[in-house]
Amino acid sequence: ELIRDQRLPDKLPTFLARRMAVVNHTQRLTMWRALLLVHVCNWKMAHGEDEGTPFLFLERRPWLTAVARYGSRYGVTIVPVPSSMDVRNELRHRLPPRIIELLRFMRYQVAHLILSLFTKKRIPPDFASTAARGVATGAVKTLVASTHTGPRVAVDYRGQINLNQPELHSDLFFWPQSSLAAKDLLVFFPSKIELMNSGESGVLHEHGIAAVALKPARASTVTVVPVSSPNRQNNRPRPSRLLVNRNGLESPWLRRQIADYHKLRASWTDRFVAHNVRVFVTWYKYDADHCAISDALRDLGGINAIYQRAYESNPSAETTIATDIVFGFSPAVAEVERRSQSTIRYHVATGYLGDYRFRLLRANAQSVREYLQQQGATRIIAYFDENSAADARWHTGDQPVRENYAFMLEKLLAEPWLGLLIKPKAHKTLRRRLGPVAELLERAEATGRCYVYDRGYRSSSNSPAEAALAADIAIHGHLISGTAGVEAALVGVPTLLLDREGWKVSPLYKLGLGRVVFRDWDELWEACLHHWATPGGSSGIGDWSAMMDELDPFRDGRAAERMGTYIKWLIDGLRDGQVREAVMEDAAERYCVLWGSDKITGVQSSPELWAPDSSLEGHPDRPAEGLHQYG
């Protein structure tokens, strides 16, 4: 209804859809919150907590009419109320860009001063020794951007390097598994990294890999890391062909998003040109920015590649992708992407991309296991925790997590033969989230039979496989986010899933209720006791064999190698002067010869996302509906 001129080029339609469907637990006035509240009202009525017609009072926001129509399907009446003033947002949109940049610079300078005063206290223990080595060898002083003039592969830094510890998570995990030259790599440090310490800089220099901080001070305390400064003139939004009605809140919202898209596209174009980047690799697809990045690269004849980091069982607008290449675990993932309305030129099935770590982790896992056994543990459980938040309205609350931990810790304190390995997703906040249960954890650790994996600066560097390999049984506390459980199963350890939230739509239920999936702790615990008491173990307990091909059709430890090799083919083709379409076509053909034509799939979104536009006929990025197997 709003769009009059419906010719939407490039990936702008997906960008707008992603901005509309943002899922941010801390952000007010989002579509996600509004729809969630509709379902909360409906749930309360269904459970008899209220009588009569439910009314939901919502602040005025874009698309409120659509929310009201959605609410009416569930018998919920939406009542608009005036919006409260968001001072920070208003200032951000009203102040000139130069003033905003000045204020940010001043904030960064203050933060940098504070960090410099307390550096020794702020450097994480994991990196302290590495940092010292970097300073001692002078590596930090000599870290400069490479003068390499050929096309390069830029990698998005998300908090983990660990090149000298390949058994840990790394943003460059695929490089050691391939024949990619270090001089062809460049690491982009985004602005939201609180600290990039000298140890990681030293490691990059040691391996001959260049680095660029996209913004100063906040991105790095190592001042010699080159800083990329996009051309400000190119950041000016381009006039848009998209014309919308002038009434309502939707029109200014759309204009703002379109301006953001053009600004991002121009900004990333400048960065790619400045550093001769023609292939960009990242796992982060959880906002709309990747759409502008993909278009910026296409303008330059480059290629955008996103790799799968998490197991995603169900389609969602939160995970819609519009890009050139996606490296996914299996061909089954392509169908989930199609149902998520993604547009992917080539979906490349590689296998589980962390499987190269499995063989590297066995020795350390055995050491941990032996330590627990020396303290009297004869049966060991690995438990994976997927994080929580104090405000249970918008995220998994702390209370259910406390109950989960309390159950296991009380069992460990009562049973001298039990050992427990804890692999939390957010180890830094674990004890705060546990509240009074943290005292139980301290008592459990004092027995010597409880071990917490807590390595990593921003997020956990330890892999779920590390804990699983030291255990007899692995337990993942959620089905909504099942990656840790998938990894434990792929490493060959009986793995159980606890679904206290009631996520019945998960395909993991196919593994069997009472065999792999359990809905309460008592039932799960009884299954463990029966399994251990049965010679050879209970049949089917923790058995994922029925879904293994769907999760990873290879299971050979070479997934990272396949991805790294594919990226090398891309950069080699671009270096030889081939156009990007020919480079991607050639790489797909070579991959099919090696691994089978069923491993490459074209994922094309429904045409409703794309407006009819004769100017797009024959456009290389214009999709048609469905999945298309390569070859």
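- With a 4.5 Å cut-off on side-chain heavy atoms, V486 and M547 do not count as touching.
- Between W521 and F407, the ring planes are parallel. Angles under 30° get that label, and only those over 60° would be called perpendicular.
- Side chains of E386 and S481: a donor-acceptor N/O pair is present below 3.5 angstrom, by distance only.
- Between E466 and R362 there is no salt bridge, since none of the side-chain N atoms of the basic residue sits less than 4.0 Å from a carboxylate O of the acidic one.
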Notebook entry, point to check: For H47 and W43, what are the C-alpha separation, side-chain angles and deciding distance, and is it a ring pair (Phe, Tyr, Trp, His ring centres under 6.0 Å)?
Noted result: CA-CA 6 Å; H47 287 76; W43 182 85; 4.2 Å; yes
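- Between D156 and R158 there is a salt bridge, with a side-chain nitrogen of the basic residue lying less than 4.0 Å from a carboxylate oxygen of the acidic one.
- Ring-plane geometry between Y451 and Y453 is classed as perpendicular, the angle between the planes exceeding 60 degrees on a 0 to 90 degree scale with a lower cut at 30.
- At least one donor-acceptor pair under 3.5 Å links the side chain of H531 to the backbone N or O of S538.
- Between H476 and H478, the ring planes are perpendicular. Angles over 60° get that label, and only those under 30° would be called parallel.
- Remark: R18 does not engage D289 in a salt bridge, criterion side-chain N to carboxylate O under 4.0 Å.
- In summary, R555 and D549 engage in a salt bridge, as defined by a charged side-chain N under 4.0 Å from a carboxylate O.
- Salt bridge status for E318 with K285: absent, with no side-chain N to carboxylate O gap under 4.0 Å.
- Between Y307 and F173, the distance from one ring center to the other falls under 6.0 angstrom.
- Salt-bridge check for R431 with D454: failed, with every basic side-chain N at 4.0 Å or more from each acidic carboxylate O.
- The side-chain heavy atoms of N304 and I325, taken from C-beta on, include no pair separated by under 4.5 Å.
- Side chains of Y352 and E487: a donor on one and an acceptor on the other come within 3.5 Å.
- Under the 6.0 Å cut-off for aromatic ring centres, Y356 and F358 do not qualify, their centroids lying 6.0 Å or more apart.
- Remark: D472 engages R369 in a salt bridge, criterion side-chain N to carboxylate O under 4.0 Å.
- Using cut-offs of 30° and 60° on the angle between ring planes, the pair Y74 and Y70 is tilted.
- In this structure, R402 contributes its side chain and L434 its backbone to a donor-acceptor pair below 3.5 Å.
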